[in-house]
Participant: 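Shown below is the structure under consideration.
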Amino acid sequence: MIERVWPKNSSTKNGNRSERGDFLIINKPAKLYLNDGQTFDGMMPAWQKDPSIGEVVFNTGMTGYVESLTDPSYANQILVFTYPMIGNYGVQLEAAESDKIQVSGVIVSEVALKGSHSKSKSSLLEWLSSQRIPILSGVDTRALTKHLRSQGTMIGCISPTAVSVKKFRLPPPVFSSFRPVNYNKKYAKKVILVDCGAKENILR
């Protein structure tokens, strides 16, 4: 069963919640602020306190959110998922493209509280919370994607309070290893990969 997690008028005491704890409640109003002045309403979990900034880009995939969120090419970016429901098959870490979540924020229309898959290690919300990656749910991602397609990618900020995005500057992402790593040592020929954000699938 999939549950909607961003009602703006909840009749329950704690809003939407998982049986695994109130830290998964998504009941705090927040917005995405873009540096062209446009804003998009949504809801965020109560544990998110500080603004999160990044280059706002979108992904149109129906599946593969674990791979996308761990892809080093998305470092310093706020990733918008255009597919209406994200998180319904949980998190399978063997599908990850690196050893951590690389994005600086996640924006969805709806997120599943639980994931239904035999290999799932946790729900998407638990995984994001464990690495303190902010999520904004209940967003009109169709309108946001149309805006980004017409205006181009731009810097944005997920925040529960009003912010001026124009003053922010993105730091350079750091995702490469600082030491050489050898793979498949048994082979005689050598291929050198310069890691400027390579994902695991390139190595595979």
Side-chain angles (χ1 to χ4, degrees), residues 1-34 38-59 64-71 74-93 96 100-117 120-145 155-163 165 168:
M1 182 177 70
I2 294 173
E3 301 174 62
R4 194 169 186 145
V5 301
W6 52 273
K8 294 185 177 180
N9 296 304
S10 174
S11 60
T12 63
K13 180 179 178 181
N14 290 321
N16 268 328
R17 61 180 297 165
S18 163
E19 73 277 6
R20 289 183 288 270
D22 285 352
F23 72 98
L24 296 183
I25 299 171
I26 297 183
N27 62 356
K28 185 164 66 173
K31 291 184 179 183
L32 170 67
Y33 296 87
L34 298 176
Q38 189 80 10
T39 63
F40 291 85
D41 294 330
M43 305 290 282
M44 63 166 38
W47 60 263
Q48 290 179 207
K49 307 294 184 182
D50 300 323
S52 176
I53 187 171
E55 182 184 31
V56 185
V57 298
F58 63 87
N59 181 294
Y65 51 82
V66 173
E67 293 89 331
S68 296
L69 294 174
T70 54
D71 188 337
Y74 283 122
N76 268 9
Q77 294 182 326
I78 295 174
L79 186 55
V80 181
F81 287 100
T82 62
Y83 192 68
M85 169 64 71
I86 298 296
N88 56 319
Y89 57 86
V91 174
Q92 296 126 60
L93 294 178
K100 67 175 184 177
I101 301 174
Q102 300 286 348
V103 302
S104 58
V106 180
I107 296 177
V108 298
S109 175
E110 297 184 42
V111 60
L113 280 177
K114 306 175 190 176
S116 178
H117 195 284
S120 177
K121 301 297 190 297
S122 69
S123 72
L124 176 59
L125 285 176
E126 289 172 322
W127 187 44
L128 292 173
S129 176
S130 70
Q131 298 189 35
R132 312 309 287 179
I133 303 298
I135 180 171
L136 188 66
S137 182
V139 179
D140 186 346
T141 53
R142 181 179 180 183
L144 174 55
T145 300
I155 296 177
C157 181
I158 298 173
S159 176
T161 57
V163 294
V165 182
F168 288 112

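Throughout, numbering of the chain's residues begins at 1 and tracks the sequence.
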Participant: Answer yes or no: are there more than 12 heavy-atom neighbours, outside Arg142 itself, under 6.0 Å from its atom CZ?
Facilitator: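 Counting neighbours around CZ of Arg142, 12 or fewer heavy atoms of other residues, nucleotides or ligands fall under 6.0 Å, so no.
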Participant: Measure the OG1-CD1 distance between Thr70 and Ile101 for me, rounded to the nearest 0.5 Å.
Facilitator: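 Rounded to the nearest 0.5 Å, the OG1-CD1 separation comes out at 8.0 Å.
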Participant: Nearest 0.5 angstrom please: Asn76 CG to Gln102 CD, how far?
Facilitator: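 So the CG of Asn76 and the CD of Gln102 are separated by 10.0 Å.
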Participant: Sequence neighbours excluded, which residues qualify as ring-ring contact (aromatic ring centres under 6.0 Å, His included) partners of Tyr83?
Facilitator: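 In terms of ring-ring contact (aromatic ring centres under 6.0 Å, His included), with neighbours along the sequence ignored, Tyr83 is linked to no residue.
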Participant: Given 3.5 Å as the limit, does a donor-acceptor pair link the side chain of Ser129 with the main chain of Leu125, or not?
Facilitator: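 Side chain of Ser129 to backbone of Leu125, a donor-acceptor pair under 3.5 Å: no, none is there.
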Participant: Which of these passes side chain to side chain contact (heavy atoms under 4.5 Å, CB included) with Phe58: Thr141, Leu144, Ile107, Thr82?
Facilitator: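 So the option named by the test is Thr82.
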Participant: Given 3.5 Å as the limit, does a donor-acceptor pair link the side chain of Ser120 with the main chain of Ser116, or not?
Facilitator: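 No, Ser120 side chain to Ser116 backbone: no donor-acceptor pair under 3.5 Å.
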Participant: Under the side chain to side chain contact (heavy atoms under 4.5 Å, CB included) test against Leu34, which residue among Val56, Val165, Ile155 passes?
Facilitator: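 Testing Leu34 for a side chain to side chain contact (heavy atoms under 4.5 Å, CB included) against Val56, Val165, Ile155 leaves exactly one candidate, Val56.
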Participant: Between the main-chain N or O of Ile135 and the side-chain N or O of Gln48, is there a donor-acceptor pair closer than 3.5 Å?
Facilitator: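 It does hold such a pair.
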Participant: Side chains of Arg132 and Lys49: closer than 4.5 Å at any heavy-atom pair?
Facilitator: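 Side-chain contact under 4.5 Å: no.
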Participant: Flag the pair Met44 / Ser137 as yes when at least one side-chain heavy-atom distance between them is below 4.5 Å, and no otherwise.
Facilitator: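 Side-chain contact under 4.5 Å: no.
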Participant: For Tyr33, give me all partners under ring-ring contact (aromatic ring centres under 6.0 Å, His included), at least two apart in sequence or on another chain.
Facilitator: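 None.
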Participant: Which residues pass the salt bridge (Lys or Arg N to Asp or Glu O under 4.0 Å) test with Lys121, sequence neighbours left out?
Facilitator: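 Counting only residues at least two positions away or on another chain, Lys121 forms a salt bridge (Lys or Arg N to Asp or Glu O under 4.0 Å) with Glu94.
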Participant: Taking side chain as C-beta onward, heavy atoms only, is Leu69 less than 4.5 Å from Ile133?
Facilitator: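 Not touching, per the 4.5 Å side-chain cut-off.
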Participant: What distance separates Trp127 CH2 from Leu93 CG, expressed to the nearest 0.5 Å?
Facilitator: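 Nearest 0.5 Å value for the CH2-CG distance: 6.5 Å.
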Participant: Verify side-chain contact (heavy atoms from CB on, under 4.5 Å) between Leu124 and Val108, making sure each step is shown before the conclusion.
Facilitator: CA-CA 12 Å; Leu124 176 59; Val108 298; 5.7 Å; no
Participant: At their closest point, which heavy atom of Ser123 faces which heavy atom of Leu113, and how far apart are they?
Facilitator: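 Here Ser123 and Leu113 meet closest at CB-O, 3.2 Å.
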Participant: Are Tyr74 and Asn59 packed together at the side-chain level, in the sense that at least one heavy-atom pair is separated by less than 4.5 angstrom?
Facilitator: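 Yes. Closest side-chain heavy atoms under 4.5 Å.
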Participant: So Val139 and Asp41, do their side chains get closer than 4.5 Å, heavy atoms only?
Facilitator: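 No - every pair of side-chain heavy atoms lies 4.5 Å or more apart.
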Participant: Grab the two heavy atoms, one from Asn27 and one from Ala46, that are nearest each other, plus how far apart they are.
Facilitator: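 Taking Asn27 first and Ala46 second, the nearest heavy atoms are OD1-CB, 4.2 Å.
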Participant: Does Ser52 reach the main-chain N or O of Ser104 with its side chain, forming a donor-acceptor pair under 3.5 Å?
Facilitator: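 Answer holds: yes.
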